[in-house]
Amino acid sequence: MTDAATQPDQAPLQDALAAEQAAVAAYATLGGRVSVTSSPTAAGDLRAAYDVHLERRDRLQTWITERGATPAAPAPGYRVPAASRDTDALLEVARSLEERAAEAYAALVAASTGDVRRWAVAALQDAALRTLTFGGAPEPFPGAPELG
Amino acid sequence: MSRPTRLSRRGALGVSAGAVLLAGCRDVPVEQTRPGALATATGTGPATPREDPDADLLRTALALEATQVARLERVQELPLRPPSARLVAAALRVHRAHVQLLRGDDAAPVVPDPAAPAVRLLARLPATELVIAEQHASAATTAASGPFARVLASLAAAARQQAQVLGDLEVR
């Protein structure tokens, strides 16, 4: 557990929460559109990503609450730009979700210390690897593209 | 041949890189904050009692990246098949970008030539990437500067990506 001295500014936590809320909603949509029969690997990867982001969303909500703040409510609706059931198109959306998550966690690293920063460092690495899982290419600066 | 590691003070402290890399990390010019633990690049100016708390982390990160560049350059001398050659070239671009960011306008750090044969270096590339990732991640958790921690965390994530893709190398 973090103490008061290691509490980050609330804004990066709320930003990361917003990214996770969007990811959870989007992965739920993507998981409903991918064919488990014809694309079992993609379906499994999307399901695994959903589970991870769900856990992170809950963790962020807990941290924000523990700091005496109110977790921001999810947006009333998320537009998932994948109308088709084409697996490649669905995975492209998943890549963009992971890239956004990576940027949110990079920001959280900068704004936190202690346990929260350690957790954000690990989450950034996970998002970078998941980007590869969904067909992305390695980058020089995951989560911080402006450095390149 | 083994050459001694030599990292300039400016590079170690991120002075020249500071405008981009460490913007906002420190509230005073780093060149004015370091005592004489490291020789100054210019040899001018009095030392002051304030030391940059992330100097060692920056120096270590730069050495890790420069060493990996040296390994990859050695591996590139092997007659690799095109898919593997592309992976090695891409990894080299990534780590050169890291070195460039960390050293800023300073001269490239000099690191020991890889002692192991190129074939062995090739086989161990994924493992060395994982070690780099772990060290950057550990440094990120302890850095005094939040923005610098973000840089280190990004470098760790990049090395993790490389560890994964370099696992597809064909080692003959």
Side-chain angles (χ1 to χ4, degrees), chain A residues 2 5-13 15-16 19 45 48 52 56 95 97-148, chain B residues 17 19-25 53 65 68-69 86-102 104 126 129-130 132-168:
Chain A
T2 56
T6 62
Q7 290 180 10
D9 178 15
Q10 295 293 312
L13 279 173
D15 289 346
D45 290 340
V52 164
R56 288 199 193 128
R95 284 199 298 276
L97 292 171
E98 296 302 330
E99 288 167 357
R100 183 181 172 199
E103 292 186 22
Y105 284 117
L108 186 55
V109 167
S112 62
T113 58
D115 289 347
V116 174
R117 184 189 284 180
R118 187 174 297 107
W119 183 81
V121 168
L124 169 55
Q125 292 182 67
D126 180 81
L129 289 177
R130 224 169 279 278
T131 301
L132 302 183
T133 298
F134 294 130
E139 304 168 81
F141 302 103
E146 85 287 353
L147 295 175
Chain B
V20 175
L21 169 60
L22 304 177
C25 300
E65 294 291 341
Q68 190 69 346
V69 166
R86 282 194 291 272
L87 289 175
V88 170
L92 188 52
R93 282 194 297 274
V94 164
H95 287 290
R96 281 176 173 161
H98 293 175
V99 168
Q100 182 60 53
L101 180 73
L102 293 171
E129 293 286 356
L130 279 180
I132 291 168
E134 288 167 3
Q135 297 215 16
H136 285 328
S138 175
T141 63
T142 60
S145 159
F148 184 48
R150 176 176 177 266
V151 170
L152 291 169
S154 180
L155 300 187
R160 285 294 299 267
Q161 285 186 327
Q162 290 302 322
Q164 179 148 318
V165 297
L166 291 172
D168 292 334

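Just so we're on the same page: letters track the sequence lines, and every chain starts at 1.
- Residues A:Pro140 and B:Ala97 approach most closely at CB-CB, 4.3 Å, considering heavy atoms.
- Side chain of B:Gln161 to backbone of A:Leu132: no donor-acceptor contact under 3.5 angstrom is found.
- The CZ atom of A:Arg118 lies 9.5 Å from the OG1 atom of B:Thr142; values are rounded to the nearest 0.5 Å.
- A:Val121 and B:Ala153 get closest at one heavy-atom pair: CG2-CB, 4.0 Å.
- Minimum interatomic distance between A:Leu129 and B:Arg160 (heavy atoms only, all atoms of both residues): CD1-NH2, 3.2 Å.
- Distance check: B:Arg150 CZ to A:Leu124 CG gives 9.0 Å after rounding to the nearest 0.5 Å.
- The two atoms that bring B:Ala133 and A:Gln125 nearest to each other are CB-OE1, 4.3 Å, heavy atoms only.
- Using a 4.5 Å cut-off between heavy atoms, B:Ala143 contacts chain A through both its backbone and its side chain.
- The CG atom of A:Leu147 sits 9.0 Å away from atom NE2 of B:His98, with the distance rounded to the nearest 0.5 Å.
- Taking every heavy atom of both residues into account, A:Thr133 and B:Gln164 meet most closely at OG1-NE2, 4.5 Å.
- Looking at A:Ala127, neither its backbone nor its side chain comes within 4.5 Å of chain B, counting heavy atoms on both sides.
- Using a 4.5 Å heavy-atom threshold, the side chains of B:Val94 and A:Phe141 count as separate.
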